[in-house]
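We count ligands from 1, going down the list as the structure has it; atoms in each ligand are counted the same way. Predicted, not measured: the structure shown is a model, and the values here were computed from it.
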Amino acid sequence: MTQDLQAVATSLVSGGKGILAADETVGTLTRRFTALDIPSTEESRCTYRQMLFTAPGVGAWISGAIMHDETIRQRGSSGVPLPRMLQDAGVLPGIKVDAGAKPLAGSPGETVTEGLDGLRDRLVEYRQLGARFAKWRAVIRIGAGLPTDACVSANAHALARYAALCQEQQLVPIVEPEVLMEGSHSLERCEEVTGSVLHAVFNALFEQGVLLEGMLLKPNMVVPGQESPKPASVEEVANATLHCLRRHVPATVPGIVFLSGGQDAGQATIHLDAINRLPGAKPWAISFSYGRALQDPALAAWRGRNDNLAAGAEALSRRARCNSAASLGSYTDGMEKAPVGSAESRAQREMQDD
Ligand code: 13P
């Protein structure tokens with residue numbers, strides 16, 4: 001059993017592959033659709049997710065995809081359940097299981113992620129629906145006097161309780177403590193906060209008996225705040241990020257898969273590549289679990305139109321291929337232009353024929 005967890009965790013970060021985070025809530029995906037005048041219905045959200053999951057060659061670069069509760073229950077245009085479509089493409093199905101970041105009592109401006117109540121039963125069901133791994137996102141804000149110790153410890157504790165429950169149900173937990181990019185803080189302040197958050201998270205994981213070999217860490221990169229007066233170079237980001245991770249992430253964790261957190265798609269690829277090119281020991285695989293940085297170009301190419309499905313899928317494949325190369329430190333500019341294969345998947349052709 002323990003070996004299964006280790007095998008799944010390792011396979012998610014092996015062979016230059018990474019994870020597609022496609023688990024936006026209905027509200028978040030609707031906001032992204034509305035910004036491009038795409039109507040958000042159960043059907044349009046299903047079509048969009050199917051386009052991503054059946055993109056040409058996706059299984060060559062993507063090891064797993066994280067779904068939302070709505071998605072894991074949906075069937076594609078051919079009647080095949082979406083988790084099944086992922087499996088057919090060689091991609092492991094994953095599921096977001098937290099109930100979102102809610103205001104933390106007594107700490108204005110801060111949140112604690114909820115969703116532990118009834119989690120065991122939900123995990124049992126998700127596993128039956130095909131999930132092999134799960135995700136829980138905690139959110140930490142940097143600001144004047146923030147984060148508070150109360151916020152960091154409440155979120156670390158919840159992440160560890162979630163991770164222990166996942167492993168009990170044979171699901172690999174992705175542990176995601178996200179230090180937000182919002183704010184005017186410096187690179188150094190981001191490193192300091194990220195370090196103390198990771199310290200608290202691994203302390204809590206140890207207390208709750210979580211098997212580190214059977215989990216993945218999904219952290220932010222160390223970057224200055226979006227409104228910081230002092231931007232950082234690619235090298236500075238890569239050095240600060242790896243320095244912070246080396247200090248705080250045990251070597252037994254098989255993989256670190258970054259979130260993109262609001263970096264634009266190209267920047268997220270370049271930073272990942274630079275981190276992997278740095279010399280010195282890297283005891284874990286370092287890859288990606290991007291949401292916006294993988295999906296934004298695909299969403300913009302699709303725009304809700306059936307005749308753009310192939311273009312949207314190709315845009316996803318391109319970002320997946322570039323990030324796969326970056327996870328091996330072998331990304332080059334030329335990959336942005338080279339064709340990724342124009343073969344349409346069967347599912348896309350069927351949708352266009354409708
Ligand atoms: P972004 O890459 O858009 O930050 O999303 C990753 C994610 O899964 C957030 O929970």
Side-chain angles (χ1 to χ4, degrees), residues 12-13 18-33 35 48-49 52-53 61-72 91-102 111-115 131 133-141 155 158-159 162-163 166 172-183 190 194 197 201 215-223 225-226 237 241 255-272 275 286-300 315-316 319-320 322-324 326-327:
L12 284 167
V13 289
I19 295 170
L20 165 65
D23 59 326
E24 299 81 7
T25 58
V26 171
T28 299
L29 192 58
T30 298
R31 271 199 305 283
R32 299 205 178 136
F33 275 19
Y48 174 62
R49 258 79 189 239
L52 301 178
F53 297 170
W61 310 295
I62 300 289
S63 56
I66 315 173
M67 289 175 282
H68 179 261
D69 180 81
E70 178 183 75
T71 317
I72 200 171
V91 176
L92 282 177
I95 181 76
K96 166 202 178 75
V97 301
D98 66 68
K102 304 286 158 64
T111 59
V112 61
T113 300
E114 297 189 351
F133 69 100
K135 182 195 102 170
W136 178 291
R137 171 177 177 251
V139 181
I140 309 289
R141 182 177 297 279
N155 277 295
L159 274 169
Y162 138 82
C166 282
V172 169
I174 296 189
V175 172
E176 180 179 5
E178 175 173 3
V179 177
L180 294 178
M181 279 170 70
E182 283 164 36
C190 181
T194 302
V197 167
V201 168
M215 61 159 273
L216 297 177
L217 177 71
K218 176 164 172 168
N220 51 285
M221 291 182 192
V222 174
V223 291
Q226 274 160 337
V237 168
T241 302
I256 292 173
V257 287
F258 290 109
L259 57 93
S260 58
Q263 299 184 47
D264 82 48
Q267 199 69 0
T269 304
I270 289 168
H271 282 154
L272 179 62
I275 292 166
I286 304 178
S287 192
F288 58 92
S289 174
Y290 292 159
R292 286 161 287 178
L294 280 170
Q295 291 184 54
D296 282 355
L299 189 56
L316 187 273
R319 293 270 39 93
C322 289
N323 284 304
S324 167
S327 78

Visitor: Before accepting this row, confirm whether a basic side-chain N of the pair E70/K96 lies closer than 4.0 Å to the acidic partner's carboxylate O.
Guide: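 No salt bridge links E70 with K96.
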
Visitor: Mind checking the CE-CZ spacing from M67 to F53? Nearest 0.5 Å is all I need.
Guide: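 Atom-to-atom, M67:CE and F53:CZ are 6.0 Å apart.
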
Visitor: Number the atoms of ligand 1 from 1 as they appear, then name those within less than 4.0 Å of a heavy atom of S260, with their elements.
Guide: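 Under 4.0 Å from S260, ligand 1 has these atoms: 1 (P), 2 (O), 3 (O), 4 (O).
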
Visitor: If I apply the N/O under 3.5 Å rule, does G261 come out as touching ligand 1?
Guide: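 Among all N and O atoms of G261, at least one is under 3.5 Å from an N or O of ligand 1.
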
Visitor: Between the main-chain N or O of G18 and the side-chain N or O of S63, is there a donor-acceptor pair closer than 3.5 Å?
Guide: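 Side chain of S63 to backbone of G18: a pair is present.
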
Visitor: If you measure every N/O of A293 against every N/O of ligand 1, is any gap under 3.5 Å?
Guide: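 The answer is no, given that A293 and ligand 1 share no N or O pair closer than 3.5 Å.
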
Visitor: Heavy-atom distances under 4.0 Å are what count here, so tell me which part of R137 touches ligand 1: side chain, backbone, both or neither.
Guide: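 R137 to ligand 1: side-chain contact only, backbone stays beyond 4.0 Å.
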
Visitor: Would you tell me which option among E178, K135, R292 has the nearest heavy-atom contact to atom 10 (O) of ligand 1?
Guide: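 Of the listed residues, K135 has the closest heavy atom.
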
Visitor: Out of all atoms in ligand 1, which are within 4.0 Å of some heavy atom of Y290? Include the element for each.
Guide: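 Answer, ordered by atom number: 2 (O).
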
Visitor: Mind checking the CD1-CD1 spacing from I286 to I256? Nearest 0.5 Å is all I need.
Guide: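 Here the interatomic distance stands at 5.5 Å.
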
Visitor: Is it the case that the side chain of S260 and the backbone of Q263 share a donor-acceptor pair, with hydrogens and angles ignored and the cut-off at 3.5 Å?
Guide: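 Side chain of S260 to backbone of Q263: no pair is present.
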
Visitor: For T113 and R137, indicate whether the former's side chain and the latter's backbone hold a donor-acceptor pair under 3.5 Å.
Guide: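 Answer holds: yes.
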
Visitor: Applying a 4.0 Å heavy-atom criterion (strictly less than), which segment of A21 is in contact with ligand 1: side chain, backbone, both, or neither?
Guide: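 Only the side chain of A21 comes within reach of ligand 1.
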
Visitor: Can you tell me which portion of K96 lies within the under-4.0 Å heavy-atom range of ligand 1? Options are side chain, backbone, both, or neither.
Guide: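 K96 to ligand 1: no contact under 4.0 Å from either part.
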
Visitor: Check whether any N or O atom of S289, backbone or side chain, sits under 3.5 Å from an N or O atom of ligand 1, and answer yes or no.
Guide: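 There is no such contact.
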
Visitor: So, N155 side chain and T111 main chain: donor-acceptor pair closer than 3.5 Å or not?
Guide: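 Between the backbone of T111 and the side chain of N155 there is a qualifying donor-acceptor contact (under 3.5 Å).
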
